K.L.:
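Take a look at the following structure, please.
These numbers were taken from a predicted model, which means no experiment stands behind them.
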Amino acid sequence: MNESHDTTPQMIQRTVTVVPEEGLHARPASAFVEAANEYEADLQVGPPDADPVDARSMLGVTSLGAKGGDELVLYADGADAEAALDALEDVLSTPEAEFDDE
Amino acid sequence: MDESTIDQVLTEDLIVLAEPPANKPDAIEYMLDIAVEAGRVTDRATALEAVLEREKQSTTGVGKGIGIPHAKTDAVREPTVVFTRSTEGIDFDSMDDQPAKLLFLLLVPAEGGEEHLSILSSLSRALMHDEVREDLLAADSSAAVRDIIVDALT
């Protein structure tokens, strides 16, 4: 996380396990980035022990190489932070088979 | 990835700076042909099917002007990355609507396990840096592209 003054009262984080067995790729990854784009809050995602990336960036999310079973920390800062984390957690908790073709 | 791994995955004959076709399906076939000509692919049709199948799930246009079509397939014996680039950019259905100018085709053996994910994520991490993308767009030879990628990944 940025060391600066980001820790405003709205700044929240949540640790979530990646459920899709192929990891955060293909359909789950695009669903994740699409969900992140629906919120106003600043959203980041990363492994527990490394710098996070912009959750709205497909390139960033792909760079994580997150596998099924890995833990990821979600960070949100903004008015709809809580709702955004719920939505992102929902995507990460959905098994691969439940992602529809569209 | 270390330099010797990169040199196995991305040989200079897999880096082609000639302009690819201007649409996504043709550009993917163009890159596949580069891999075929380099002797990397045992079954072109199977490889193409795997790449298009993956593309159907969700686009590999990852934004910032980059496309990374990829697949695990029995049609290659060793991990293979093809690089090409498009001056005008190709519509890759990227979420940020930017046309893809830097194109990587990644083919990994079906039994490659996590190698697939590791090459894909390393490449993506390197390409997040503005200067890496700018240097790749400006490089004037396959050797220069190879050096930029080695520097960015090691």
Side-chain angles (χ1 to χ4, degrees), chain A residues 2 17-39 42-73 84 87-88 91-92 94-102, chain B residues 1 50-73 79 81 92-104 106 108 110 112-134 136 149 152-153:
Chain A
N2 297 334
T17 301
V18 178
V19 169
E21 50 192 60
E22 292 288 317
L24 191 48
H25 287 279
R27 262 175 277 192
S30 59
F32 183 89
V33 173
E34 276 168 21
N37 275 299
E38 286 173 20
Y39 294 86
D42 178 47
L43 296 169
Q44 295 190 290
V45 56
D49 54 354
D51 288 338
V53 299
D54 182 358
R56 291 189 179 82
S57 161
M58 195 66 193
L59 185 60
V61 168
T62 304
S63 79
L64 296 174
K67 302 185 285 291
D70 283 359
E71 285 197 333
L72 285 177
V73 185
L88 294 184
V91 174
L92 293 181
T94 304
E96 194 121 2
E98 291 176 27
F99 285 91
D100 296 329
D101 277 286
E102 285 309 317
Chain B
M1 272 194 276
V51 173
L52 295 181
E53 185 55 40
R54 165 60 188 85
E55 209 63 37
K56 223 161 59 181
Q57 292 184 22
S58 72
T59 182
T60 58
V62 291
K64 294 197 185 283
I66 297 158
I68 317 181
H70 59 265
K72 284 199 223 178
T73 171
V81 173
F92 242 72
D93 303 314
S94 303
M95 257 185 252
D96 67 358
D97 293 325
Q98 283 193 44
K101 293 186 172 178
L102 298 174
L103 302 171
F104 297 84
L106 166 59
V108 175
E114 284 171 11
E115 207 165 19
H116 181 242
L117 210 55
S118 126
I119 296 173
L120 188 59
S121 60
S122 305
L123 202 52
S124 302
R125 209 172 305 129
L127 291 167
M128 286 170 70
H129 300 286
D130 295 348
E131 70 276 13
V132 171
R133 298 195 304 276
E134 284 158 14
L136 286 173
I149 292 173
L153 286 177

K.L.:
Give, as side chain, backbone, both or neither, the part of Val61(A) having an atom under 4.5 angstrom from any heavy atom of chain B.
P.N.:
neither
K.L.:
Which residues pass the salt bridge (charged side-chain N to carboxylate O under 4.0 Å, His left out) test with Asp93(B), sequence neighbours left out?
P.N.:
Lys24(B)
K.L.:
Starting at CD of Gln57(B), measure out to OG of Ser30(A) and round the result to the nearest 0.5 Å.
P.N.:
9.0 Å
K.L.:
Using the salt bridge (charged side-chain N to carboxylate O under 4.0 Å, His left out) rule, collect all pairs that involve residues 117-131 of chain B, keeping only residues at least two apart or in two chains.
P.N.:
Asp130(B)-Arg133(B)
K.L.:
Rounded to the nearest 0.5 Å, how far does OG of Ser57(A) lie from CE of Met128(B)?
P.N.:
6.0 Å
K.L.:
Let me know if Leu64(A) has heavy atoms under 4.5 Å from chain B in its side chain, its backbone, both or neither.
P.N.:
backbone
K.L.:
Hey, does Ser94(B) have a side-chain heavy atom less than 4.5 Å from the side chain of Met58(A)?
P.N.:
no
K.L.:
Using heavy-atom distances under 4.5 Å, tell me whether Glu114(B) contacts chain A through its side chain, its backbone, both, or neither.
P.N.:
side chain
K.L.:
Nearest 0.5 Å, what's the NZ-CD distance between Lys72(B) and Glu22(A)?
P.N.:
5.0 Å
K.L.:
Going through the distances and angles, do Arg56(A) and Asp96(B) end up as a side chain to side chain contact (heavy atoms under 4.5 Å, CB included)?
P.N.:
CA-CA 9 Å; Arg56(A) 291 189 179 82; Asp96(B) 67 358; over 6 Å; no
K.L.:
What distance separates His25(A) NE2 from Arg54(B) CZ, expressed to the nearest 0.5 Å?
P.N.:
9.0 Å
K.L.:
Name the region of Ile66(B), side chain, backbone, both or neither, that has any atom closer than 4.5 Å to a heavy atom of chain A.
P.N.:
side chain
K.L.:
CD1/Ile68(B) to CG/Leu59(A) distance, rounded to the nearest 0.5 angstrom?
P.N.:
6.5 Å
